[in-house]
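Order of the sequence lines fixes the chain letters, A, B, ..., with proteins taken first and strands second; residue numbering starts at 1 for each chain.
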Amino acid sequence: MINQELSEIFNTIADALEFKGENPFKINAYRKASRILKDFSENLREFSEDHPLTCISGIGDGIAKKIKEYIATGKVSKLEEVRKDIPAGIFEMVRIQYLGPKTLKLAYEKLGVGSLKQLKKVINDGSLSRIPGMGPRKVERIMDAIHLSETTQMKNKRFVIGELFPVIEEIVSKLKNVADEVVPCGSYRRMKETLGDINLLATSNQKKKVIDFFVSLQNIDEVLNVGPTKAIVLLKNPSLQVDLRVVNPDSFGASLQYFTGSKAHNVALRTIAKSRGLKINEYGVYKTNRKVAGKTEESIYSSIGLEFIPPEIREDTGEIELAKEHALPKIIDYRDFKGDLHIHSNYSDGIESIAELANHAKKMGFKYIAICDHSRSVTYAGGLSKDKLLEKNEEIDRLNKKLKNFTVLKGTEVDILSSGRLDYPDSILETLDIVIAAIHQGFRRNVTARLIDAMNNPLVNIIAHPTGRLINIRNGYDVDLDKVFEQAQKTGTILEINAYYERLDLNDRHANKAKSMGIHFSIGTDAHNIGMLKYWKLGVGIARRAWLEKNDVINCYPLRKLKAIL
DNA sequence: GCCGTTTTCGGCCCGACTGTTTTCAGTCG
C-alpha cells in the first residue's frame, strides 16, 4: 500500500536527518507527515488525482512534491540523498530502545560503529563504555534492549484490542485496591483496533504507595522505568509494556486528556493553548502560574474555546477544527445501543441455547437480539438444514411469547456460495426477520460480483464482515469495496460492523467512507458464546471512530423502527 | 519542513526518568 510505503520513507528520512543532527523542527515535520500518511483513509495515488496534496494538514509543498515524485517514479530522491553517507545498520539500530540518534552518532564517530554486529563488539570489549558521555549503566541498558529486540520478535507488534480486555481488567481491578481512580487511557480509550501498549492513569494522594504496588505485581517481567509518579513495566504474558501514571485528584481531567492522546491531537491542543497565552500539561491548564482548568476533561477543552471531543475521534483528522466551531456531529453513544444483531446459538456452532442467550442479553440491558446461525453448506460450523431452520423459527416464536420487553429476531447468516447463489432459497429467507449474507468460502473467486448479486436480492438485509480480514492473521477477500459501497447505496443494503475483535470489519475508515455515501450499518458481535457478547462495545467503538451518528446504526433503533427498515 | 484570529518570517508541546554529570543531555511518551 502506497500510504504505508510513503509513511516509512518519511520516517526514514527523519531518522537520517536526526542522525546528521539537522534542525529538529524539520525532522518533526517529516515524522508528523509519516504519522499522517500511515493513518490516511484514502489511497494517496487516487487522492492525488483530484485533490492537491497540500490540502492535507501537515503536508506542505516540500513533502507533497516528494509524494508526487514517488507516485510517478517509485522513489524519493531526497531519501537516496540523505541516506547516502549513513551505514544501513544505523536505520535498524535506531529502532532499538534507548538507541537514539545521539548515541548512535557518538558510537559511529568515535568507534566507527555502523551495524548491530559492530555495536555488540564495542559493548563486549568495553570500548563503548569508555567514551565520554557513556558509562557502564547506559551500556548495560542498551545491551538489555538489544537482547529484548532479538528474543521477543515483538518489533512493532501490536495486540488486538479485545485480546487485552482481560489483561487490562485484571490490572485495573488490582490497582483499585490502592488508588482512588484507575482508568485505562491511550489507544485503548480511543478504541483503536490494535494496541501497542497499555496506559493506565490512577489518582491518589499517596502516589508512591500506588507505584510501589504496581511494580511489585505478579506477571511483570521487568521494571523498565520507575519514579515517584510514573512507572513503566514489561509484562511476561502477554509480552507488552504497561505505563502507569499517578496524579492528584485535582489533575485528573488534565491527565486523562494528556494520557488518552493521540499525540497529534495533544500537540495541536497545546499549540492552540499557547496561541492564547495558556499552557497545557498533564496537571492542568495554566495562565502564567495560575491554574485555570484541570479537574475534568471537559474543562480542558472549554478553557481553550473548544467543544468537548470524544476520545474515539481524537486523531487530529479535522475534529479540532469542528470543535472550534462547536460543530462536531453528535456521534453514537454507547447508551444508544439496543441489541446485538449477529449471534450464533447451539443450533449451529454456538455454545448456548437461544433462551440462555436471550436471558443473558436481557440482563445486559439489550432490548432485542438476532439469532443468525450458519446456513446449510457451512457443514464445518453446523449449518442448518431448511427443516432445522424452520424448527428454530418455531422455537423463537414460542420464546418470544414468554419474554417481556425483549424480542428475539429470527435470522440467518446465509452463505454466499462460490457459485454466487445464496445457500437458502427465497422461500426460506422470507420466513426470517433478518437476513445477513456472508462469504466464508471462495475468497478469491469473484467476491465483488458475488456480494453485488447478494445485495440485489431484496430479502438480503445485511452484508456480514464485508472485507473478511482477520487482524494480524489474514488479509481480506479479493474485493473492490468501492463497488460494494456503490451497490449498498443503490440497494439500501446495510453493511455490518462485525465487532468480533479479530474482525472489526468494516473498520473505522471504511465505515466513515460508507457513511459519507449514506449507507446504514448494523453492529454484530458474531458471538458464539455468552462471554463474547460483551464485545458489542468494540463495535460501537469502531462506529464512534468512524464518526457515525445514532441514525446511521440500526442497532440504535427501537424495535418497530428496526423491523421497518429490515 | 510546516504554518498563520499577532505572522509569508519566525516560530514550532511539554514533562518524567535515567545516567553521567556538578547542571544537563538523551530518550521516551
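For the pair A/Q241 CD and B/dT27 P, the computed distance is 17 Å after rounding to whole Å. Remark: P of B/dG26 and CD1 of A/I131 are 13 Å apart, rounded to the nearest angstrom. Atom pair A/I27:CD1 and B/dG26:C1' shows a separation of 14 Å (rounding to whole Å applied). Rounding to whole angstrom units, CD1 of residue A/I13 and P of B/dG1 are separated by 9 Å. Atom pair A/L244:CG and B/dG29:P shows a separation of 15 Å (rounding to whole Å applied). Counting to the nearest Å, the P atom of B/dC28 and the CG atom of A/N199 are 16 Å from each other. In this entry the distance linking CD1 of A/I272 with P of B/dC3 reads 14 Å, nearest Å. Rounded to whole Å, the distance from CG on A/L99 to C1' on B/dT27 is 10 Å.
Atom name P, nucleotides B/dT20 and B/dG15: the rounded distance is 26 Å, in whole Å. Separating the P atom of B/dT22 from that of B/dC13 is a span of 31 Å, rounded to the nearest Å. B/dC17 and B/dC12 are spaced 25 Å apart, taking the P atom of each and rounding to whole Å. B/dT21 and B/dG26 have their P atoms separated by 12 Å, with the value rounded to a whole Å. For the C1' atoms, the distance linking B/dT23 with B/dG19 amounts to 13 Å, nearest Å. Atom C1' of B/dT7 sits at a distance of 14 Å from the matching atom of B/dC2, rounded to the whole Å. Taking atom C1' in both B/dT5 and B/dC24, the straight-line distance is 38 Å, to the nearest Å. Look at the C1' atom in both B/dG1 and B/dT6: the space between them is 22 Å, to the nearest Å.
The side chain of A/T103 lies closest to B/dG26 when the candidates are B/dG29, B/dG26, B/dG1. Proximity note for A/R137 (side chain, C-beta onward) versus B/dC17, B/dG19, B/dC28: the nearest is B/dG19. Each of B/dA16, B/dG26, B/dG1 was ranked by its minimum atom distance to the side chain of A/Y30; first place goes to B/dG1.
Remark: A/Y98 is not in phosphate contact with B/dT27, judged by side-chain N or O atoms under 4.0 Å from OP1 or OP2.
Within the 3.5 Å criterion, the main-chain N or O of A/I36 finds no donor-acceptor partner in the side chain of A/D39. Of the possible donor and acceptor atoms, none in the side chain of A/E325 sits under 3.5 Å from a partner among the backbone N and O of A/L322.
Comparing A/N225 and A/G135 by the nucleotide of DNA chain B that holds the closest heavy atom to each, the one mapping nearer the 5' end is A/N225. Where A/I59 and A/Q97 each meet DNA chain B at their nearest nucleotide, the meeting point lying more 5' is that of A/I59.
Evaluated for a side chain to side chain contact (heavy atoms under 4.5 Å, CB included) with A/I320, the options A/H265, A/R314, A/E315 yield exactly one hit, A/H265.
Nucleotide B/dT8 has no partner under the Watson-Crick or G-U criteria, as no pair reaches both atom distances under 3.5 Å.
Ring orientation note: the planes of A/F47 and A/F40 are nearly perpendicular, at an angle over 60° on the 30°/60° scale.
A/L269 comes within 4.0 angstrom of nothing in the nucleic acid, heavy atoms only. If you check every strand for non-hydrogen atoms under 4.0 Å, A/P24 touches nothing. Using a 4.0 Å heavy-atom distance criterion, A/K78 is classed as making no nucleic acid contact.
The pair A/D552-A/K515 counts as a salt bridge, with a side-chain nitrogen and a carboxylate oxygen less than 4.0 angstrom apart.
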Heteroatom pairs (N/O) under 3.5 angstrom, protein to nucleotides 11-15 of chain B:
unit_1	atom_1	unit_2	atom_2	d
B/dC12	OP1	A/K274	NZ	2.9
B/dC13	O2	A/R270	NH1	2.6
B/dC14	OP2	A/K274	NZ	3.1
B/dC14	O4'	A/R270	NH1	2.9
B/dG15	OP1	A/K279	NZ	3.0
B/dG15	OP1	A/N281	ND2	3.1

Item to check | Full working for side chain to side chain contact (heavy atoms under 4.5 Å, CB included) between A/N512 and A/D508 | outcome: CA-CA 6 Å; A/N512 180 262; A/D508 47 4; over 6 Å; no

Checklist entry - side chain to side chain contact (heavy atoms under 4.5 Å, CB included) between A/V246 and A/K230: does it pass, once the steps are laid out? => result CA-CA 6 Å; A/V246 191; A/K230 170 180 162 177; over 6 Å; no

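For the pair A/R83 and A/F91, the distance from NZ or CZ to the six-membered ring centre is under 6.0 Å and the angle to the ring normal is within 45 degrees.
A donor atom on one side chain and an acceptor atom on the other are not found under 3.5 Å apart for A/E193 and A/Y501.
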